[in-house]
Trainee: 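Can you read through this structure? Questions will come right after.
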Amino acid sequence: VSAEWTVNDYVAFSTQMLIGFGLAFELPIVVLVLGKLGIVTVDQLSSRRRHVSVVCLVIGMLMTPADISSQIIMAGPLYILFELCLLILRWDQRKARKLEKESDLGER
């Protein structure tokens, strides 16, 4: 078995990885926007953590070459970014509730 890479193979591989990682790491931004718009809530997202972990692995499988290490290299950070999105949305909701309470107190 010999591993001989041509320039075309290398460019195709690099392009696939770049596009895959670029698209995959846009997903947390989509989650944040949906949360800010009120389409999804933190509770809804938190209750589906198992589903999200499977989806991250599937995205890793589809966007990377056929080896487990690149799949995990993509799926791990995706899941971590999902959890960070949950933290940001929780913080934003708490801040919004606090501002609501302050405005209610100010009206009285």
Trainee: Let me confirm one number: the NZ-CD distance from K98 to Q93, rounded to the nearest 0.5 Å.
Mentor: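 Result: 16.0 Å between the selected atoms.
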Trainee: Could you tell me whether the side chain of S53 and the main chain of R50 form a donor-acceptor pair under 3.5 Å?
Mentor: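 Checked: pair present.
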Trainee: Please examine the side chains of P28 and L84, heavy atoms only from C-beta on, and report whether any two atoms are closer than 4.5 Å.
Mentor: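 No, every pair of side-chain atoms sits at 4.5 Å or beyond.
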Trainee: Show your reasoning for whether side chain to side chain donor-acceptor pair (under 3.5 Å) applies to T6 and D9.
Mentor: CA-CA 5 Å; T6 64; D9 291 338; 3.2 Å; yes
Trainee: Find the distance between SG (C85) and CD1 (I80) and round it off to the nearest 0.5 Å.
Mentor: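 If I round to the nearest 0.5 Å, the distance is 12.0 Å.
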Trainee: Quick check: do L23 and I59 have side-chain heavy atoms less than 4.5 Å from each other?
Mentor: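 In short, these two side chains do not touch, never coming nearer than 4.5 Å.
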Trainee: Answer with yes or no whether the hydrophobic clustering places I19 together with F25; edges join I, L, V, M, F, W, Y residues whose side-chain heavy atoms lie under 4.5 Å apart.
Mentor: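 Same cluster.
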Trainee: Just so I know, are the side chains of T41 and L45 near enough to count as touching, which here means a heavy-atom distance under 4.5 Å?
Mentor: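 A side-chain contact is absent here, since even the closest heavy-atom pair is not under 4.5 Å.
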Trainee: Take S69 and D67, measure what side chain to side chain donor-acceptor pair (under 3.5 Å) needs, and give me the verdict at the end.
Mentor: CA-CA 6 Å; S69 61; D67 66 310; 2.6 Å; yes
Trainee: When rounded to the nearest 0.5 angstrom, what distance separates CG in L18 from CZ in F13?
Mentor: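 It comes to 11.5 Å.
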Trainee: Starting at CD of E83, measure out to CZ of R49 and round the result to the nearest 0.5 Å.
Mentor: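 Those atoms lie 4.0 Å apart.
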Trainee: How many angstroms lie between NZ in K36 and CD1 in I88, if you round to the nearest 0.5 Å?
Mentor: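 Reported to 0.5 Å precision, the distance equals 9.0 Å.
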Trainee: How many angstroms lie between atom CG of L62 and atom CG of L57, to the nearest 0.5 angstrom?
Mentor: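 Between atom CG of L62 and atom CG of L57 there are 11.0 Å.
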Trainee: Treat each ILVMFWY residue as a node, draw an edge where side-chain heavy atoms are under 4.5 Å apart, and state whether L27 and V40 are in one component.
Mentor: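 Shared cluster, no.
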Trainee: Between V30 and I39, is there shared hydrophobic-cluster membership here, with clusters defined by ILVMFWY side-chain heavy atoms closer than 4.5 Å?
Mentor: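 Linked within one cluster.
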Trainee: Is the backbone N or O of Q44 less than 3.5 Å from a side-chain atom of R48, with the two atoms forming a donor-acceptor pair by type?
Mentor: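 Yes, because the side chain of R48 sits within donor-acceptor range (under 3.5 Å) of the backbone of Q44.
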Trainee: Please tell me whether L32 and L34 are part of a single hydrophobic cluster in this structure, the criterion being side-chain heavy atoms less than 4.5 Å apart.
Mentor: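 Yes, L32 connects to L34 through the hydrophobic network.
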Trainee: Carefully, step by step, assess S46 and R90 under the rule side chain to side chain contact (heavy atoms under 4.5 Å, CB included).
Mentor: CA-CA 11 Å; S46 296; R90 261 195 203 107; 3.0 Å; yes
Trainee: Under 4.5 Å between any side-chain heavy atoms of I73 and F21, yes or no?
Mentor: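 When only atoms from C-beta onward are counted, F21 and I73 do touch, with a gap below 4.5 Å.
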Trainee: For P77 and M74, work out which heavy atoms get closest and say how close.
Mentor: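 Nearest heavy atoms, P77 then M74: CD-O, 3.6 Å.
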Trainee: Quick one: do L89 and V55 end up in the same hydrophobic cluster if we chain Ile, Leu, Val, Met, Phe, Trp and Tyr together by side-chain heavy atoms under 4.5 Å apart?
Mentor: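 Hydrophobic grouping puts L89 apart from V55.
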Trainee: Mind listing the closest non-hydrogen atom pair of A75 and C56 along with its distance?
Mentor: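 Heavy atoms only, the tightest pair is CB-O, 3.5 Å.
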